[in-house]
Amino acid sequence: MSKTSIKKIAEDYKMSEKEIAKKINDFGVETTEDKKNLEGENLQLFIEMLNEEIKEAKGNVVEVDGKITVQEIASQMDKPASEVIMKLMKMGTMATINQEISFDIAALVCSEFGFTLMRSDNSEIEELEIEALMEIEEDDEKDLVPRPPVVTVMGHVDHGKTSLLDAIRDTDVISGEAGGITQHIGASEVKINGQKIVFLDTPGHEAFTSMRARGAQVTDIAILVVAADDGIMPQTIEAINHAKAADVPLIIAINKIDKPGANPDRVKQELSEQGLLVEDWGGDVISVEVSAKKRINIENLLEMVLLVAEIQELKANPNKRAVGTVIEAELDKNRGPVATVLVQGGTLSVGDPIVAGVASGKVRAMINYKGKRIKQAGPSTAVEILGLSEVPAGGDQFAETPNDKTARLIAEKRQAMQREEMLKASSKISLDDLFAQMSEGKVKDLNIVIKADVQGSVQAVKQSLEKLSNEEVAIKVIHGGVGAITESDVLLASASNAIIIGFNVRPVSGSEQVAEKESVDIRTYTIIYKAIEDIKAAMSGMLDPDYVDEDTGKVEIREIYKISGVGTVAGCYVTSGKIMRASKVRIVRDGIIIHEGELAALKRFKDDVKEVAQGFECGLSFVNYNDIKPGDIVEAYITKEVERTLD
């Protein structure tokens, strides 16, 4: 061993220099002439004596901090790892040398060797301590500086969202930006009049809402793209309602004004029907007529974005620990977990320890929207980061932590808390428990999403339900639309703690699973007054025991046969569950219920059968109904009486 200072030994052993100096004197070990250093044999001897003394003082105690591995406990007990592994095998636990084992199993194996396992003082981090560690210091007004606005582009699928983003990027290139912009991450930046605007390339309002459902307010302004030749479409109305629910200011971009059938005034008229009155018509909503294809008025649109941003007075403090939101994340086979994050406050630097949801790590590299590696990212900057332990979820909050260990412990604690949360039932609103929550004062607003087969039904139901509001609870219809109940509807309902009411429509494939996962209550009706009665009854706590339809299977109609004397027979394939002869059936076409009734016959080949299971073909005919087509879905169900209880 080379020469080592007393100061260094004191730091290594977490003691004061006086304590180390006293121990040196007690051990009778000679120091060098300056009395502050140990070297050679003296140093070796002293370190051995010090280790022995500490071991005796601690007794047979193994201290762990964070993850527990076989290697760690074996080295602390001064036992071969193979011996510990053998002992574990005898206890019925298979583990490798670097495998993590639970505290309980580690404690048992330690006791077998006569040791006691203990957590070190700083390894237990309670929930309140997590919040304290994660709490980023409050911003002082004098520390705040203006930050660029973060913008999301929303709208109907064919109205030119992508073309508009491309046109905006081209404007930035034309304005003198060196080199062409290559989009590498889910965000891009443009400069107009020397000011920066950040555009998030979210896939649509579903992503926008799922982020908000996790509490991530990432967008400052939303640009709603409406085609001048097409006008307001169902997805446009969805986008408007999503933006309203998130309380994000809207700028209307009336696109495709170069097309022959363009009619911007019709678009403005339709917008006014949705409660958006544009400035030309005396309202307060900014609208800009643009052509993404011909690059008309793009700069004017960007100037309007800056104007709205100026009114909002967007500010952030760049001189603190970085905080922000995960925009999207994936597992890259070459680079490991990769997350695109938006820094919303502070400055993120390469090497910073961070925690993002249940993932933690140190920022190994940061890549900006041009694909260039950068060292630092300030407020309103979107970057791709490498170095996380696992893939976080889009919408997770991230924060810089004081050190690596804190980040790891917080992530572990969050994982445990997440597991507990998953075991607990979600407290999302449902009609069954509406009265109980009203009585406790938990519910002030009952938010409802309405989907129906025709627009007239949507309006009729909306007006009827809103009239039911009383002094205890206000009924708000946050979205009404025509067509099947989609995943987008479920996500909006989840983010807004709403229930979904459907008339003559059914959930599309996949949306029921999302509703179950998000604990969203979906109610479907064929008679309007039945829904009104249900909500009235729920509000008074008198929701009667009801007959509930329990789906047993889905069948796809593949062929149609006309048989004289019998009528129309459907050649079908059971795609899920099973269909029974006693089943009632709904025939669904493009998400709309076209018929409800009973089966006249259920056959396998030429034989009448009681039921047909998933994966088999069958023949169906329906009582007094022949208007069926290939591609129609037959939903089989049975009606059960279910007693409703108010928790």
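Numbering of residues begins at 1 and proceeds along the displayed sequence. Excluded from the calculations below are hydrogen atoms, water molecules and symmetry mates; all remaining heavy atoms, backbone and side chain alike, are included.
Within the structure, salt bridge (Lys or Arg N to Asp or Glu O under 4.0 Å) pairs that include any residue of residues 331-347 comprise D332-R335, R335-E384 (at least two apart or interchain).
Taking every heavy atom of both residues into account, P392 and A329 meet most closely at O-CB, 3.4 Å. The heavy-atom pair separating A484 from G591 by the smallest distance is CB-CA, 3.6 Å. Contact between V267 and G231 at its shortest, heavy atoms only, is CG2-CA, 4.0 Å. The two residues A309 and I221 come nearest to each other via the heavy atoms N-CD1, 3.9 Å. Scanning all heavy atoms of the two residues, the minimum distance from L277 to S272 falls at CD1-CB, 3.8 Å. The two residues V505 and D453 have their closest heavy-atom pair at CG1-N, 3.6 Å.
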field: I168 vs L302, side-chain contact (heavy atoms from CB on, under 4.5 Å): CA-CA, chis, key distance, verdict
entry: CA-CA 8 Å; I168 286 165; L302 296 177; 4.0 Å; yes

task: Go through D166 and R295 one step at a time and tell me if the salt bridge (charged side-chain N to carboxylate O under 4.0 Å, His left out) criterion holds.
output: CA-CA 10 Å; D166 290 342; R295 308 296 193 252; over 6 Å; no

message: Between I223 and F199, does the side-chain contact (heavy atoms from CB on, under 4.5 Å) criterion hold? Intermediate values first, please.
response: CA-CA 10 Å; I223 293 177; F199 285 89; 3.9 Å; yes

V341 vs I327, side-chain contact (heavy atoms from CB on, under 4.5 Å): CA-CA, chis, key distance, verdict: CA-CA 5 Å; V341 300; I327 305 299; 5.9 Å; no

message: Could you go through I448 and I450, starting from their C-alpha distance and side-chain angles, then the distance that decides it, and tell me whether this counts as side-chain contact (heavy atoms from CB on, under 4.5 Å)?
response: CA-CA 6 Å; I448 294 176; I450 297 171; 3.8 Å; yes

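Distance check: K196 NZ to R147 CZ gives 11.0 Å after rounding to the nearest 0.5 Å. To the nearest 0.5 Å, atom OG1 of residue T236 and atom CG of residue D230 are 8.0 Å apart. In this structure, I475 CD1 and L446 CG are separated by 5.5 Å, a value rounded to the nearest 0.5 Å. Taking CD from Q274 and CG from L224, the interatomic distance works out to 10.5 Å, rounded to the nearest 0.5 Å. Going from atom CD1 of I522 over to atom CG of D489 covers 8.5 Å, rounded to the nearest 0.5 Å. Note that NE2 of H479 and CG of N447 are 13.5 Å apart. Values are rounded to the nearest 0.5 Å.
For CD of E303, the number of neighbouring non-hydrogen atoms (other residues, nucleotides, ligands) closer than 6.0 Å is greater than 12. More than 12 heavy-atom neighbours from other residues, nucleotides or ligands sit within 6.0 angstrom of CD on E330. Heavy atoms from other residues, nucleotides or ligands lying under 6.0 Å from CG of D590 number 12 at most. The number of heavy-atom neighbours closer than 6.0 Å to CD of E273, taken from other residues, nucleotides and ligands shown, is above 12.
Using a 4.5 Å heavy-atom cutoff, the side chains of L271 and I252 are in contact. Residues T340 and V383 have side chains not in contact (no heavy-atom distance under 4.5 Å, counting atoms from C-beta outward). Two residues are said to be in side-chain contact when any heavy atoms from C-beta on lie closer than 4.5 Å; Q312 and P149 fail this criterion. Within the 4.5 Å cutoff, no side-chain heavy atoms of T219 are placed close to those of V151. Taking 4.5 Å as the limit, every side-chain heavy atom of V449 sits out of range of all side-chain heavy atoms of V477. Looking at heavy atoms from C-beta onward, N255 lies out of side-chain contact with V226 at the 4.5 angstrom threshold. For the pair K372/I367, no side-chain contact is recorded, criterion being any heavy-atom separation below 4.5 Å from C-beta on. Side-chain atoms of I478 and N241, non-hydrogen and from C-beta on, never get closer than 4.5 Å to each other.
The closest donor-acceptor contact from the side chain of S511 to the backbone of I485 lies under 3.5 Å. For S389 (side chain) and S360 (main-chain N/O), a donor-acceptor pair under 3.5 Å exists by modelled atom type. Proximity of a side-chain donor or acceptor of E400 to a complementary backbone N or O of A322 within less than 3.5 Å is detected. In this structure a side-chain-to-backbone donor-acceptor pair under 3.5 Å is present from N368 to G371. Checking side-chain atoms of N193 against main-chain N and O of Q195 turns up no donor-acceptor pair under 3.5 Å. Of the possible donor and acceptor atoms, one in the side chain of S469 sits under 3.5 Å from a partner among the backbone N and O of E466. The backbone N or O of V490 sits nowhere less than 3.5 Å from a side-chain atom of S494 that would complete a donor-acceptor pair.
With sequence neighbours excluded, no residue forms a salt bridge (Lys or Arg N to Asp or Glu O under 4.0 Å) with K517. E270 is linked by a salt bridge (Lys or Arg N to Asp or Glu O under 4.0 Å) to R266, counting only residues two or more places apart in sequence or in another chain. When the salt bridge (Lys or Arg N to Asp or Glu O under 4.0 Å) test is applied to K259, the partners found at least two apart in sequence or on another chain are D229.
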Side chains of residues 346-353: which donor-acceptor pairs under 3.5 Å do they make with residues two or more places apart or in other chains?
{"from": "T347", "atom 1": "OG1", "to": "P318", "atom 2": "O", "distance (Å)": "2.7"}
{"from": "S349", "atom 1": "OG", "to": "Q376", "atom 2": "NE2", "distance (Å)": "3.2"}
{"from": "D352", "atom 1": "OD2", "to": "S349", "atom 2": "N", "distance (Å)": "2.7"}

Could you tabulate the donor-acceptor pairs under 3.5 Å formed by side-chain atoms of residues 284-294, not counting sequence neighbours?
{"from": "E289", "atom 1": "OE2", "to": "K268", "atom 2": "NZ", "distance (Å)": "3.2"}
{"from": "S291", "atom 1": "OG", "to": "D258", "atom 2": "OD1", "distance (Å)": "2.9"}
{"from": "S291", "atom 1": "OG", "to": "K294", "atom 2": "N", "distance (Å)": "3.0"}

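A donor atom on one side chain and an acceptor atom on the other are found under 3.5 Å apart for S488 and E238.
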